[in-house]
Amino acid sequence: MPELPEVETVRRGLQPAMQDQKIICAEVNRPDLRWPFPPNMAQRLTGARVLRLWRRSKYILLDLDTQETLIVHLGMSGRMLVSGQQIGEFYQEHPAPEKHDHVVFHMENDTRVTFNDARRFGAMDLAPTAVVETHKMLASLGPEPLSNHLDDSYLAAALEGRNTPIKTALLDQRLIAGLGNIYVCEVLFRAKISPMRKAKNLSKMQVGTLVPIIRTVLEEAIEAGGSSLKDYRQTGGELGYFQHSFHVYDRESQSCKHVGCGGIIARVSQSGRSSFYCPTCQR
DNA sequence: ATGGGGGCCTGCCGGC
DNA sequence: TGCCGGCAGGCCCCCA
């Protein structure tokens, strides 16, 4: 799925179309995505104004003037495409409807936001704004990696005694929210830590190097508009280009990018997911 | 509590 | 060209 940088890129792209705008009509074309939509979702959205568009982990949150917040998760293949807006001299036409256009927001400013999700691993729900962070999907998320809540002492405590591989630990949204398979691979490469290394066996120094590396990797990826693999697109349909900066992800059998290393990137399966790493410099 | 595996869906790609 | 298996960025749930 889109990981944190992709979701943040989408959130930023939605801002000009939706911020402070009323949803004139919410078109809901099926009863569910991964789970059933909340009762009367179309009616509850129609006529509501978007007061704030924010993000928690990989969730996009739209606070409405109805005291409700729309929670959106893109799953693996979810896209939110904005059309009908002017970007410089360029006008983004409304596209013809496509397969898997499950929800379409018709906005007051004549833009349209189309949620398309082929695999339907995505989700949408409505919750009272006042308690949205206690929603089941958000309640047990760990700290935002780009916030001050993630620091050395937090991470050390979170990893302490964990028998699981560090790769699996960093993917655990309860420990840190927002990392996915790609960025965990990239983070461990930069930190020169093997994905198979047990979390509890990291040295204090290694834990200390992880925190700034996590931030840097995510910030660089956001700066690049995310990574475009398979299904992910920005709100204008553009490709992100961070994938050109991958050091290990999807680089099996290619040479390690650490100067003087000479290793060959390997791929292993860990709890059903591919890990890419350099066996020579990641220990 | 922790860790591992299956399942949810569709699309795409490589191999035969 | 066509079919089939394997794989995909996430997350929940069940089991040991």
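This structure is a prediction, so every number in the text was calculated from the model and none was measured. Within every chain, numbering begins at 1; the chains are lettered A, B, ... in the order of the sequence lines, protein sequences first and strands thereafter.
- Nucleic acid contact class of A/Lys136 (heavy atoms, under 4.0 Å, all strands): sugar-phosphate only.
- Straight-line distance from the CG atom of A/Asn181 to the P atom of C/dA8: 8 Å, rounded to whole Å.
- B/dC9 and C/dC3: their P atoms are spaced 24 Å apart (whole Å).
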Checking side chain to side chain contact (heavy atoms under 4.5 Å, CB included) for the pair A/Glu144/A/His149: CA distance, chi angles, key distance, verdict? CA-CA 7 Å; A/Glu144 282 293 314; A/His149 300 290; 5.9 Å; no
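- Environment of CD in A/Gln67: sparse, with no more than 12 heavy atoms of neighbouring residues, nucleotides or ligands closer than 6.0 Å.
- Taking the side chain as every heavy atom from C-beta outward, A/Arg112 and A/Met107 never approach each other to under 4.5 Å.
- The base of C/dC11 lies close enough to the side chain of A/Arg34 for a donor and an acceptor atom to sit less than 3.5 Å apart.
- Residue A/Arg267 has its side chain nearest to C/dC7 when only C/dG10, C/dC11, C/dC7 are considered.
- Neither OP1 nor OP2 of C/dG10 sits under 4.0 Å from any side-chain N or O of A/His73.
- We find that CD of A/Glu160 is positioned 15 Å from C1' of B/dA1, with the value rounded to whole Å.
- Rounded to whole angstrom, the span from the CG atom of A/Leu33 across to the C1' atom of B/dC9 amounts to 11 Å.
- The base of C/dA8 sits with one of its N or O atoms less than 3.5 Å from a complementary donor or acceptor on the side chain of A/Arg119.
- For A/Gln254, the CD atom sits in a packed shell: over 12 heavy atoms of surrounding residues, nucleotides or ligands are nearer than 6.0 Å.
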Please tabulate, one pair per line, each protein N/O and nucleotide N/O from nucleotides 3-6 of chain B that are separated by under 3.5 Å, including the distance.
{"from": "B/dG3", "atom 1": "OP1", "to": "A/Asn163", "atom 2": "N", "distance (Å)": "2.7"}
{"from": "B/dG3", "atom 1": "OP1", "to": "A/Thr164", "atom 2": "N", "distance (Å)": "3.0"}
{"from": "B/dG3", "atom 1": "OP2", "to": "A/Arg162", "atom 2": "NH1", "distance (Å)": "3.1"}

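- At distances below 3.5 Å, at least one donor-acceptor pair connects side-chain atoms of A/Gln282 with backbone N or O atoms of A/Cys278.
- Rounded to an integer number of Å, the gap from CD of A/Glu98 to P of B/dG11 is 12 Å.
- A/Phe121 does not qualify as a stacking partner of the C/dC11 base, lacking a centre-to-centre distance under 5.5 Å together with planes within 30°.
- Ring pair A/Tyr183/A/Phe242 is tilted by interplanar angle, where 30° to 60° counts as tilted.
- Between A/His100 and B/dC9 there is no side-chain polar atom (N or O) within less than 4.0 angstrom of OP1 or OP2.
- Ring geometry for A/Tyr59 against A/His73 counts as perpendicular: the plane angle is over 60°, on a 0 to 90° scale with 30° as the lower cut.
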Return one dot-bracket line describing DNA chain C 5' to 3' (Watson-Crick or G-U wobble pairs, both distances under 3.5 Å; ( ) same strand, [ ] crossing, | another strand, . none). .|||||||.|||||||
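- For A/Trp35, the side-chain atoms get nearest to C/dC12 when compared with the rest of C/dG10, C/dC12, C/dA8.
- Put simply, A/Lys99 has no side-chain N or O that comes within less than 4.0 Å of OP1 or OP2 on B/dT10.
- Within a 6.0 Å radius of CZ in A/Arg174, no more than 12 heavy atoms belonging to other residues, nucleotides or ligands are found.
- Nearest heavy-atom pair, A/Arg215 versus A/Leu150, reported as atom, atom and distance to 0.1 Å: NH2-O, 2.5 Å.
- Evaluation of atom-type donor-acceptor distances gives no pair under 3.5 Å for the side chain of A/Arg120 against the base of B/dC9.
- Here the side chains of A/His102 and A/Leu33 are in contact, with some heavy-atom distance below 4.5 Å.
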